[in-house]
Amino acid sequence: MAETPAQMPKQVTVIGHPLVQHKLTLMRHKESSTGKFRQLAREISLLMAYELTRDLPLEMREIQTPMETMQAPILAGKKLCIVSILRAGDGIAEGMLDLVPSARVGHIGLYRDPKTLEPVEYYLKLPEDVGERLVIVVDPMLATGHSAAAALTRLKQAGATQLRFACLLAAPEGMKVLTEAHPDVPVFTCSIDRELDSHAYIRPGLGDAGDRLYGTK
């Protein structure tokens with residue numbers, strides 16, 4: 001398990017739960033099939049959602065149990081919005097929806113311009129009330145950090161004020177880019193790996209998450 005570097009901002013949380021770490025190790029295995037990889041991503045995502053939502057506000061509401069009337073806690077206000085960075089983010093969003101099926105879902109598509117290497121938006125679809133919801137932005141890998149930072153910037157422009165970012169793996173380089181661009185956004189990851197290689201792949205990593213999720217390699 002990779003530890004959070006001492007210099008990492010306080011906004012970063014590495015989820016060290018034993019089940020998360022165990023399942024992440026299984027995902028890293030080269031021999032894991034597409035089906036197994038997808039299943040593990042879904043399971044880890046559900047566990048991550050538990051951590052990301054542990055401080056949601058509650059209010060008391062009167063309900064009738066089979067025995068009597070009582071005041072019981074229930075989520076207050078608008079629920080969540082999960083925003084997937086296409087395409088691999090869908091593999092994380094689906095697992096989180098298992099835990100919070102009432103959440104709204106948004107999508108943002110970005111590609112890297114081959115000349116400028118800057119992220120370019122090609123698709124954006126969000127709930128109209130995104131500004132009233134806690135928005136969890138998901139992408140399996142935080143490599144260079146530029147796409148994630150651009151996605152958060154775009155969501156802020158669209159009115160989102162409560163943002164969190166979640167990924168399975170992060171490189172220190174990408175984490176630095178993201179946290180410097182958005183110091184107000186909490187970041188959750190299962191591991192901060194060693195480095196990016198010359199092709200911007202996370203090392204030791206788990207390969208291309210999109211290809212492994214959808215069997216396109």
Side-chain angles (χ1 to χ4, degrees), residues 1-4 12-54 56 75 79-111 123 125 134-145 147-148 151 164-171 174-175 178 186-194 196-197 199-217:
M1 169 185 166
E3 299 293 337
T4 304
V12 177
T13 298
V14 177
I15 301 173
H17 192 287
L19 284 175
V20 170
Q21 294 301 317
H22 171 76
K23 292 175 186 295
L24 180 59
T25 294
L26 297 179
M27 288 186 75
R28 291 184 190 269
H29 272 297
K30 180 180 179 181
E31 295 81 11
S32 291
S33 67
T34 297
K36 185 66 173 176
F37 190 91
R38 189 182 300 140
Q39 176 188 349
L40 288 164
R42 196 177 191 116
E43 292 172 355
I44 291 178
S45 302
L46 188 151
L47 293 168
M48 291 182 72
Y50 179 86
E51 292 292 334
L52 269 78
T53 57
R54 63 167 54 250
L56 292 180
L75 288 175
K79 305 300 189 297
L80 306 177
C81 175
I82 300 170
V83 174
S84 166
I85 298 179
L86 296 172
R87 66 179 166 152
D90 282 357
I92 307 301
E94 290 169 5
M96 291 189 174
L97 286 170
D98 287 342
L99 185 66
V100 282
S102 62
R104 300 291 177 87
V105 179
H107 292 89
I108 183 166
L110 300 164
Y111 70 90
Y123 184 80
K125 189 71 172 179
L134 171 61
V135 179
I136 299 174
V137 183
V138 296
D139 197 359
M141 317 294 279
L142 180 62
T144 65
S147 291
R164 296 178 184 181
F165 180 83
C167 61
L168 297 178
L169 294 183
M175 190 66 77
L178 183 62
V187 179
F188 296 79
T189 186
C190 301
S191 178
I192 300 175
D193 279 16
R194 187 179 68 249
L196 287 181
D197 65 16
H199 300 288
Y201 277 92
I202 299 175
R203 298 282 184 158
L206 49 71
D208 187 298
D211 283 339
R212 296 194 69 189
L213 277 167
Y214 301 115
T216 51
K217 187 173 181 179

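Small disclaimer: the values here were computed from a predicted structure and weren't measured. We're numbering straight along the sequence, starting at 1.
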Donor-acceptor contact below 3.5 Å, side chain H199 vs main chain Y201
no
R104 side chain near K79 side chain, heavy-atom distance below 4.5 Å
no
L80 side chain near L56 side chain, heavy-atom distance below 4.5 Å
yes
Smallest heavy-atom separation, P204 atom then D193 atom, equals CD-OD2, 3.6 Å
State, with a plain yes or no, whether a side-chain heavy atom of H107 is found less than 4.5 Å away from one of D90.
yes
For the pair R164 (side chain) and I136 (backbone), establish whether a donor and an acceptor sit closer than 3.5 Å, ignoring hydrogens and angles.
no
Should V137 and V135 count as side-chain neighbours, where that means a heavy-atom distance under 4.5 Å?
yes
Would you check if the side chain of E43 reaches a backbone N or O of G95 as a donor-acceptor pair within less than 3.5 Å?
no
Give the minimum heavy-atom separation between A166 and L52, together with the two atoms involved.
CB-CD2, 3.8 Å
Could you check if a side-chain atom of T189 sits within less than 4.5 angstrom of a side-chain atom of L142, using non-hydrogen atoms only?
no
Please report the closest heavy-atom contact between P140 and L213, naming both atoms and the distance.
CG-CD1, 4.5 Å
What are the two closest non-hydrogen atoms of M27 and A41, and how far apart are they?
CE-CB, 3.7 Å
Nearest 0.5 Å please: distance from the CG atom of L19 over to the CG atom of L24.
12.5 Å
Under the side-chain contact (heavy atoms from CB on, under 4.5 Å) rule, what do R87 and T216 come out as? Steps first, then yes or no, please.
CA-CA 12 Å; R87 66 179 166 152; T216 51; 3.1 Å; yes
If you round to the nearest 0.5 Å, how far is CG of L169 from CE of M175?
10.0 Å
Does any N or O in the side chain of R212 come within less than 3.5 Å of the main-chain N or O of G207, such that one atom is a donor and the other an acceptor?
no
For the atom pair CG (L86) and OG (S147), what is the distance rounded to the nearest 0.5 Å?
11.5 Å
Side-chain contact, heavy-atom cut-off 4.5 Å: M48 with V138?
no
Is the shortest side-chain heavy-atom distance between S45 and E94 below 4.5 Å?
no
Point-to-point distance, once rounded to the nearest 0.5 Å, from CD1 of I82 to CG of L134:
9.5 Å
Quick check: does any side chain N or O of S32 sit under 3.5 Å from a backbone N or O of R28, one acting as donor and the other as acceptor?
no
Are T34 and Y214 close enough that some pair of their side-chain heavy atoms sits under 4.5 Å apart?
no
Of the non-hydrogen atoms in S84 and G89, which two are nearest, and what is the gap between them?
OG-C, 3.0 Å
Spacing of CG belonging to L206 relative to SG belonging to C190, to within rounding of 0.5 Å
10.0 Å
Separation between CE (M96) and CD1 (I44), nearest 0.5 Å, reads 11.0 Å
Which heavy atom of I85 sits nearest to which heavy atom of A151, and what is that distance?
CD1-CB, 3.7 Å
